Structure formats: structure tokens, C-alpha cells
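Worth saying up front: this structure is predicted, and the values here are computed from it rather than measured. In listed order, ligands and their atoms are each counted from 1.
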Amino acid sequence: MTAAIGLGLLGVGTVGSAVVRALAERATYLEKTTGRSFEIRKALVQDLTKVRDVPLEASTFTSEINEVLLDDSIDIVVELMGGVEPANSYLRRAIESGKHVVTANKEVMATHGVELMALAAASGRDLYFEASVGGGIPLIGPFRQDLAANQIREVHAILNGTTNYILTKMSSGDADYKSALAEAQHLGYAEPEPENDVGGHDSAYKLAILASLAFKSDIRPQDVFREGITNLTPADFRHAAELGYSIKLLAIAKADADDVEVRVHPTLVQKDFLLGQVDGVFNAVRLDGDLLGRAMFIGRGAGPEPTSSAIVADLIDLGHNIHRNEHNRIPLSFSPTTRVRPIAAVRSRYYFRVWVQDHPGVLAQIGTVCGEESVSIASVIQKEIDETAGRAELVFLTHEADESSAQQAITRIAELEVVAEVASCIRVEDLAE
Ligand code: NAP
Ligand code: HSE
């Protein structure tokens with residue numbers, strides 16, 4: 001009989017528990033398909049007293065990392081803890097101890113993935129990370145392998161299930177920000193620290209990983225311009241809908257001959273395009289390949305079961321490799337010299353909402369500032385009038401302008417005496433058919 005593949009889990013929380021259950025439910029199939037069975041030999045957690053709804057013996061749990069790393073019967077370490085440290089050090093040590101590794105940790109992969117991949121390759125070990133981007137949607141595999149013949153120029157994506165769930169609830173008026181976030185946490189979508197989701201950090205990590213693979217460039221989280229969703233208001237959802245747009249936390253990556261642009265921010269996206277209709281916990285990645293043309297991946301981007309789908313798929317792939325004694329079949333390399341365009345030089349359209357004094361000449365003053373800053377106004381609509389305060393609400397859509405010009409115009413508009421408040425400014429991405 002062929003020996004079982006030994007697993008060491010680092011973390012048995014929301015995702016880890018789903019992985020343990022999925023492995024138990026599929027034990028026979030996994031053995032049949034890979035030629036080897038999988039056995040969880042150790043599971044690292046912080047709190048040994050916690051009651052866990054998983055089919056594992058109490059003796060499997062440990063709070064001592066060396067019990068996993070020094071256990072020679074463990075072939076694969078599966079990291080499902082989250083955070084940069086100690087996860088990064090544990091992954092390094094696991095590889096150095098001769099183990100293959102699987103991780104769902106986008107923060108570690110975005111920050112240290114290039115070094116970890118190099119270490120794994122040099123050590124003759126495999127590093128799999130399908131669950132780090134898009135939850136259950138296959139993305140790393142396709143970007144690494146199936147799309148390899150293409151030059152990819154653009155990626156537009158919704159990469160965070162928690163924020164998409166919150167934005168969907170807010171736009172339909174079903175829930176406010178706070179209760180929608182609480183629901184996302186209850187459903188197991190949110191990061192242990194939800195600021196990672198709502199602040200756009202999680203999407204930025206995932207975009208850094210995808211853009212690195214798409215453009216074969218070493219792109220790090222600090223290269224990604226980032227804005228979260230916490231300043232969006234019900235009025236913006238209302239006005240965007242009337243103008244034919246949804247508001248999504250969009251992750252955008254574009255490459256041309258000179259540089260790449262990588263940014264995550266709330267964005268008005270046409271409602272009649274598929275990307276504008278991706279709702280709830282669903283994520284989507286839309287890309288343009290020179291051979292394939294446009295393609296789109298959609299699926300559940302968070303949640304324990306969808307994420308376990310990606311992790312178990314990685315384990316199956318690794319199981320095949322171990323059984324056949326093959327590793328690092330698809331090596332990756334990333335150009336370290338790619339230039340990242342500063343956000344000030346990015347071009348976009350803009351939506352902005354302004355409360356002004358309700359009297360003649362106000363529009364002309366705002367128009368003059370925009371003209372002087374080379375920001376061309378595409379349309380303006382007067383939305384609300386607050387008669388008691390003598391104020392009116394105006395919504396502007398601009399043509400494409402430089403980010404630096406748009407921000408300068410907004411700053412100057414806010415300083416006009418006739419302007420009470422610039423209530424919001426959101427970038428607009430008009431997708432091509
Ligand atoms: P979680 O529920 O907070 O679970 C984390 C687990 O790691 C817990 O079992 C915790 O132990 C253990 N742990 C944390 N720090 C530790 C340390 N220093 N030493 C030992 N054990 C430690 O988190 P999760 O939602 O499962 O997420 C895990 C990873 O999957 C993260 O990288 C996350 O970004 C990624 N991910 C999550 C989703 C999702 O939908 N939730 C989707 C894709 C990827 P205790 O149980 O004792 O506290
Ligand atoms: N917190 C993440 C999200 C989990 O909501 O998308 C999936 O990576």
C-alpha cells in the first residue's frame with residue numbers, strides 16, 4: 001500500500017474547519033484520483049480550549065509550531081492563519097524543512113510571494129496559493145497556466161466578497177453599512193480584522209498578486225493605489241443608479257509599453273455591463289488577452305466552503321506531484337523593473353457631488369475652475385434643494401481627465417464661497433463593449 005500524504009494545518013478557523021470537513025467528506029475520491037490518501041497529522045491553533053466542529057482527534061491539535069515543522073510524517077503544510085507574521089516565517093521554515101506548502105493568505109503572497117516562490121523552487125518544493133485570490137474562483141491556475149499564451153493588457157475585477165456584499169445591500173437599501181458588515185462577518189466572509197476588507201487592503205493584496213501574474217512583473221501591495229468604501233453614502237448609490245451606474249470596489253490593472261497602473265477604489269461601473277451586476281459575495285475578474293479576447297471569471301469570492309474548494313484542489317494537484325515525484329512544473333518569473341504609474345498621472349472620468357448656495361452664478365464659478373484645471377464637464381444635474389438652508393445639491397460627471405487635475409479642481413471647488421461642501425468624488429470606469 002502507498003503511504004498516505006501527511007498534512008499539517010496552520011489554523012483551524014473559518015476556512016481551516018471547512019478544509020478539514022471537505023477532506024473528510026472526499027477521502028475516498030481523493031485517494032482514487034491522486035493515488036494517495038491524505039491524513040491530517042497536526043493542526044496548529046492559538047487556543048487549545050476552543051470547541052471546534054471538525055472531525056479531528058483532540059491529540060491532533062497543538063499550539064506549538066515545531067510540532068508541525070519538525071514532524072517528518074508531514075509532507076504538506078497548509079497555512080490558514082492569516083496576517084503577515086508569523087505566517088510568512090512559518091511558511092519559510094516549512095519549505096526549509098522540506099515540506100510543500102499551500103496557503104490562502106493573500107497578504108503574505110502579495111508581500112513575500114516572490115521570495116517564497118523562489119525559495120520553494122530552489123528547495124525543490126511546491127507552493128500553491130489558489131485560495132489567496134477570488135475565494136473559490138479558479139484564478140491563479142488560469143493566470144499561471146491557461147492564459148500564459150496571451151498578453152494581458154487590462155484587468156477589471158471585484159476581488160472582495162465582504163465589500164461587494166455590503167455595497168449590494170447598501171445599493172438596494174436592504175441594510176446600512178454597519179448591519180451589512182455584521183452579516184458578512186457572520187457568514188464567514190470578512191477578514192479577522194474587517195478594516196482589511198472595507199479599507200481596500202484585501203483587494204489591493206489580491207490585485208498585486210493577479211497583476212504580477214498577468215503582467216509577469218513584481219508588483220507589491222505598496223504599488224497599488226487604494227481607497228476603501230467607508231465614505232460612500234446612500235445618496236451616491238441613488239444618484240449613480242439614476243445615471244445608469246453601480247458602485248463597486250473595483251480593482252483595476254492596466255499595462256502599456258512603458259508602465260503599469262494598479263488601483264483599488266470605489267468606482268461607478270455601467271449597470272448594464274456584467275461587471276456592474278456582480279452582486280453579494282460574488283467576485284468577478286474581467287480581462288483582455290490578445291489571443292483570447294475578453295474573458296470573465298465569476299463565482300463566490302469568500303466564505304468557508306468556496307475557499308475550501310480552492311485549497312482542496314491545490315492539495316489534489318500537489319498529491320499528483322508527490323505521487324509522481326514531480327515539482328515546480330510551471331515556474332514563474334517576474335520582472336523586477338516594471339514602472340508603476342503614480343496615481344496623479346492616471347486618467348479617469350469622475351463623478352462628484354457638491355452642496356452649493358442656491359443662487360445664480362454658482363454653476364459658472366464651478367465651470368470656470370474645471371476649465372482652468374483642464375477638467376471637462378460631461379453633465380451636471382441638480383438633485384435636491386434644501387430650502388431652509390438655501391442649498392442645492394449638484395451632481396457632476398466629467399470627461400476623462402488627469403487625476404492630478406481632477407483633485408486640484410475638487411480642492412479649489414471646495415474653497416469657493418458659494419460651495420458648502422464637496423460631499424463625494426468617485427472615479428468612473430466606462431468599460432468597453
Ligand atoms: P480565522 O477564522 O480567524 O482563523 C484563523 C485560524 O488561525 C484560527 O484557528 C486561529 O487559532 C489560527 N491562528 C491565528 N494566528 C495564529 C498564531 N499566531 N498561531 C497559531 N494559530 C493561529 O480566519 P479565516 O477566515 O479562516 O482566514 C484564514 C486565512 O484564509 C486568511 O489568510 C484569510 O485571508 C484567508 N481567506 C479567507 C477567506 C474567507 O472567506 N474567510 C477566503 C479566502 C482566503 P484559534 O482558532 O485558536 O483562534
Ligand atoms: N475577506 C475576504 C473577502 C475573504 O471578503 O473577499 C476572501 O479572500
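Among protein heavy atoms, the minimum distance from atom 25 (O) of ligand 1 is reached at Thr14 CB, 3.6 Å. Nearest protein heavy-atom neighbour of atom 46 (O) of ligand 1: Arg52 NH1, 2.7 Å. In terms of protein heavy-atom proximity, atom 48 (O) of ligand 1 is closest to Lys50 NZ, 2.9 Å. Atom 42 (C) of ligand 1 has Thr307 OG1, 3.0 Å as its closest protein atom, hydrogens excluded (heavy atom only). Here the protein heavy atom with the shortest distance to atom 19 (N) of ligand 1 is Gln46 CG, 3.7 Å. The shortest contact between atom 28 (C) of ligand 1 and any protein heavy atom is with Leu80 O, 3.3 Å. Looking only at heavy atoms of the protein, atom 30 (O) of ligand 1 is closest to Ala104 CB, 3.6 Å. Counting only heavy atoms of the protein, atom 5 (O) of ligand 2 lies nearest to Thr162 OG1, 2.6 Å. Here the protein heavy atom with the shortest distance to atom 37 (C) of ligand 1 is Val15 CG2, 3.5 Å.
Near Gly303, the atoms of ligand 1 lying under 4.0 angstrom from a non-hydrogen atom of the residue are 39 (C), 40 (O). Using a 4.0 Å cut-off to heavy atoms of Glu191, the atoms of ligand 2 that qualify are 1 (N), 2 (C), 4 (C). Listed by atom number, the atoms of ligand 1 under 4.0 Å from Gly188 heavy atoms are 39 (C), 40 (O), 41 (N). Listed by atom number, the atoms of ligand 2 under 4.0 Å from Asp197 heavy atoms are 1 (N), 2 (C), 3 (C), 5 (O). Atoms of ligand 2 lying under 4.0 Å from at least one heavy atom of Asn160, given by number and element, are 2 (C), 3 (C), 5 (O), 6 (O). Those atoms of ligand 1 with a heavy atom of Glu191 less than 4.0 angstrom away are 33 (C), 34 (O). The distance from ligand 1 to the heavy atoms of Pro192 drops below 4.0 Å at these ligand atoms: 3 (O), 23 (O). Taking a cut-off of under 4.0 Å to the non-hydrogen atoms of Gly161, the atoms of ligand 2 that pass are 3 (C), 5 (O), 6 (O). For ligand 2, the atoms sitting less than 4.0 Å from at least one non-hydrogen atom of Lys106 are 4 (C), 7 (C), 8 (O), numbered in the order shown with element in parentheses. Residue-ligand proximity, Lys206 to ligand 2, at heavy-atom distances under 4.0 Å covers atoms 2 (C), 3 (C), 6 (O), 7 (C), 8 (O). Interface of Gly11 with ligand 1, defined as ligand atoms under 4.0 Å from a residue heavy atom, comprises 6 (C), 7 (O), 9 (O), 12 (C). Near Gly82, meaning under 4.0 Å from one of its heavy atoms, ligand 1 places the atoms 31 (C), 32 (O). Below 4.0 Å from some heavy atom of Ala131 lie the following atoms of ligand 1, by number and element: 43 (C), 44 (C). Each of the atoms 47 (O) of ligand 1 lies under 4.0 Å from some heavy atom of Asp47.
A donor-acceptor contact closer than 3.5 angstrom is absent between the side chains of Asp236 and Tyr245. Checked by atom type, the side-chain pair Tyr165/Asp197 shows no donor-acceptor distance below 3.5 Å. Glu31 and Ser37 share no side-chain donor-acceptor pair at under 3.5 Å. One side chain, Tyr350 or Glu403, offers a donor N or O that lies under 3.5 Å from an acceptor on the other. A side-chain N or O of Asp174 and one of Ser172 form a donor-acceptor pair less than 3.5 Å apart. A donor-acceptor pair shorter than 3.5 Å can be found between the side chains of Thr233 and Arg353.
Between Glu107 and Asn196 there is a side-chain heavy-atom pair separated by less than 4.5 Å.
Using a 4.0 Å heavy-atom cutoff, Gly301 is listed among the residues neighbouring ligand 2.
The proximity of Ala190 to ligand 2, defined as any non-hydrogen pair under 4.0 Å, is limited to the backbone. Counting heavy atoms under 4.0 Å from ligand 1, residue Lys106 touches it through the side chain alone.
What you find for Ile219 and Ala211 is that their closest heavy atoms are CD1-CB, 3.8 Å.
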Run the side-chain hydrogen bond (donor to acceptor under 3.5 Å, both in side chains) test on His327 and Asp126 for me, step by step, so that the C-alpha distance in whole Å, both residues' side-chain angles and the decisive distance to 0.1 Å come before the verdict. CA-CA 6 Å; His327 302 292; Asp126 271 326; 3.2 Å; yes
Evaluate Leu232 against Leu167 for side-chain contact (heavy atoms from CB on, under 4.5 Å), listing each step before the verdict. CA-CA 9 Å; Leu232 295 172; Leu167 296 181; 3.6 Å; yes
Going through the distances and angles, do Lys383 and Glu393 end up as a salt bridge (charged side-chain N to carboxylate O under 4.0 Å, His left out)? CA-CA 5 Å; Lys383 298 307 302 182; Glu393 186 189 40; over 6 Å; no
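Here the side chain of Thr34 pairs a donor or acceptor atom with the backbone of Arg36 at under 3.5 angstrom. Within the 3.5 Å criterion, the main-chain N or O of Arg220 finds a donor-acceptor partner in the side chain of Asp223. With hydrogens and angles disregarded, no donor-acceptor distance shorter than 3.5 Å links the side chain of Ser123 to the backbone of Arg125.
Remark: Asp202 engages Lys106 in a salt bridge, criterion side-chain N to carboxylate O under 4.0 Å. Salt-bridge check for Lys99 with Asp71: failed, with every basic side-chain N at 4.0 Å or more from each acidic carboxylate O.
In terms of N/O distances under 3.5 Å, ligand 2 is not approached by Ala302. Taking distance alone, with nitrogen or oxygen atoms compared against 3.5 Å, Gly135 stays at or beyond that limit from ligand 1.
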